[in-house]
Amino acid sequence: MKLVQVAGLTDPGRVRRRNEDAFVCAPPLFAVADGMGGAQAGEVASRLAAAAFHDFHEADTLDPEARLRSIIQEANRRIYARASSDPHASGMGTTITAALASGARVAVGHVGDSRAYLLREGTLEQLTQDHSLVADLVRSGRLTPEEAEIHPQRSVITRALGTDPAVVVDSFSLEARDGDVYLLCSDGLTTMLGEETVQRVMSESSDLEQAARALVAAANESGGEDNITVVLFTLAEAGEDEDTLSGLEGYRIEPPPPPPEPVEVDGGGDTVLRPLPVRTEMALPPPQRRAGRLALIVAGILALFAGIAALALWGLSRAHFVGATDQGRLAVYQGVPWDLFSGAKLYRETYVSRLLTSQLSPDERRDLFDHDLMSEDDARARLAPYEEEAAP
Ligand code: CA
């Protein structure tokens, strides 16, 4: 097998001001990293991870899977060291999804929710299992995959590089076949596009450069709510005299300039719980007795409904639940854990903890993120024991 074409493209999307994604397209090594953290820390984390793929060579002689795991561990050490020594970088982290093409096999290693896919004979298959809150809930049967797609906390990851001195890396290898196309991508692609769309766009593209551009364009057309990164490579049967990497066409596409006046939507927002206008139409009939009485009854019923609606809104405005921010920190939200179809959120952050969801066990996460509604004090009290336990 030989690599016949590779392509990589990253784009800030239509909403975020910064691009915290990074990618590696250094055949036979490929990777996508999706950074997170305050200020510019997310960019620092994803770039540190990408750099390890270029300059860490101590694992070059290991077998492909061990080599990938070793590079990822090295990236984790570098990010953790930086996060521990630089207050501006404290709490930063990144996902990593990487592949190494080696002869007739492709090794994949990953941490977080960036994904690897394989397009084989026109069918797209997801190769990686997300390390995310909603993926945990789907695996335990508490959410359907369809519910997970629209879940307000779908971007919360449960494993990342840089949050702990060591990290568990998932890795596996598969037998490559002639014509296989591999796709590594950040969640800015997969939260905007369904798998059928990704499959169709890839199948319709004449080459990988065009596929990369078309995938990014499609994610932007669907909203471009997050940074979008794709890395693609394809393998074909090598001829007898051919060298593994001969005939390689490499594409590295520069990201286009950011949109002129982007709007930052991170951080909860303050548009939640705006009461819906209650429409009361009371066209009073001519002053006849019976009609007048009817109008009074109608008005009474409408007033009752308005009262119930107001009471419900008041109740919801006092409800709180435990959740997690996009950066993976535990948080208390006021409202109810739903997004409207318009994208408006029915909740807002009232408290963000220093504790990361990745510091909790899967059982603790299941217990805490049940989305039960409670008072703010009760929500804070549920976090307190975990925060005390984690305090230095
Ligand atoms: Ca992302």
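Counting starts at 1 for both ligands and their atoms, in listed order.
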**OP:** Check the surroundings of atom CD in Gln129: do more than 12 heavy atoms from other residues, nucleotides or ligands lie under 6.0 Å from it?
**Re:** no
Subject >> Glu43 and Arg47: CA distance, side-chain angles, deciding distance, salt bridge (Lys or Arg N to Asp or Glu O under 4.0 Å) verdict >> reply: CA-CA 6 Å; Glu43 284 152 273; Arg47 275 152 193 69; 5.0 Å; no
Original post:
Judged by atom type as modelled, is there a donor-acceptor pair below 3.5 Å linking the side chain of Thr128 to the main-chain atoms of Ala116?
Top reply: yes
**OP:** Determine, for Glu74 against Arg78, whether the closest basic-nitrogen to carboxylate-oxygen distance falls under 4.0 angstrom.
**Re:** yes
Original post:
Restricting to N, O or S atoms of Asp226, which is nearest to the Ca ion (ligand 1)?
Top reply: OD2
**OP:** May I ask you to check if any N/O/S atom from Asp21 comes under 3.0 Å of the Ca ion (ligand 1)?
**Re:** no
Original post:
For Asp34, what is the atom name of its N, O or S atom nearest to the Ca ion (ligand 1)?
Top reply: OD2
Subject >> Whether Asp187 has an N, O or S atom under 3.0 Å from the Ca ion (ligand 1) >> reply: yes
